[in-house]
Amino acid sequence: MPPVEPGNDKSASGPKAEAADSISDAERELYGGRLCYDQSYVRHEGPLTRLKFGHMAAALPHMVGMVLRTGWKADRRALMGVVAAEFGQGVTAAWGLVAVNGVLGQLFADGPTVDKLRDALPSLVVPARY
């Protein structure tokens, strides 16, 4: 179906004219005529599924820089809050991983299971709180 230009929805004849008459008032008011549906966005969805890790890793510094520059221009205080929160979240996650590593190290050690669980109990309580 050829695209219909705004304001030119009455120029067709035959079945096209009947279709042009079925334009809703909202479509006519908002867009000036019938909407022409285009699916060109489909060609941009496929490449994201084929994106390789190397390409993504190479693009990451550029994207981070762009986000930081944009955030700095938009609201410096909010950007600093987000950076501090993300840093805190990273430190907390790292601390949790170290605690889990300690628990697993104690549980897989040689000896009776009851003794290993008793030794690992303090380390089990910390990750369980979160």
Side-chain angles (χ1 to χ4, degrees):
M1 176 177 182
V4 177
E5 295 182 17
N8 193 17
D9 54 337
K10 298 279 186 183
S11 62
S13 62
K16 289 184 181 181
E18 292 174 13
D21 291 339
S22 67
I23 297 173
S24 69
D25 292 336
E27 209 172 16
R28 188 182 318 275
E29 183 178 342
L30 291 172
Y31 306 108
R34 176 169 301 287
L35 288 176
C36 179
Y37 295 99
D38 181 17
Q39 294 187 353
S40 61
Y41 63 88
V42 173
R43 68 180 163 193
H44 298 293
E45 289 179 352
L48 291 177
T49 60
R50 294 187 304 271
L51 186 64
K52 302 281 188 233
F53 179 77
H55 293 114
M56 187 173 43
L60 186 63
H62 173 71
M63 287 188 286
V64 168
M66 181 179 63
V67 167
L68 289 176
R69 283 190 303 276
T70 304
W72 189 257
K73 289 178 186 175
D75 189 353
R76 294 177 183 177
R77 188 172 163 194
L79 176 67
M80 289 298 135
V82 168
V83 168
E86 289 295 326
F87 181 76
Q89 184 179 9
V91 168
T92 303
W95 184 68
L97 288 173
V98 168
V100 168
N101 188 33
V103 168
L104 291 175
Q106 290 175 352
L107 290 177
F108 290 129
D110 289 336
T113 305
V114 175
D115 293 339
K116 293 188 290 187
L117 284 173
R118 189 178 311 114
D119 292 341
L121 188 60
S123 299
L124 282 170
V125 171
V126 174
R129 290 183 63 190
Y130 301 102

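Counting begins at 1 with the first residue of the sequence. Here the structure is a predicted model, which is why all the values come from computation and not from measurement.
Put simply, OG1 on T70 and CG on D75 are 13.0 Å apart, with the number rounded to the nearest 0.5 Å. Distance CG/N101 to CD/Q106: 10.5 Å, rounded to 0.5 Å. Of the inter-residue distances, the one linking M56 atom CE with L60 atom CG reads 8.5 Å to the nearest 0.5 angstrom.
Linking ILVMFWY side-chain heavy atoms closer than 4.5 Å, directly or via other members, places V82 and V64 in two distinct hydrophobic clusters. In the hydrophobic cluster analysis, where Ile, Leu, Val, Met, Phe, Trp and Tyr join through side-chain heavy atoms closer than 4.5 angstrom, W72 is grouped together with V83. M80 is connected to L68 through a chain of hydrophobic side-chain contacts under 4.5 Å among Ile, Leu, Val, Met, Phe, Trp and Tyr, so both are in one cluster.
Looking at L117 and L121, their side chains never come closer than 4.5 Å, going by heavy atoms from C-beta outward.
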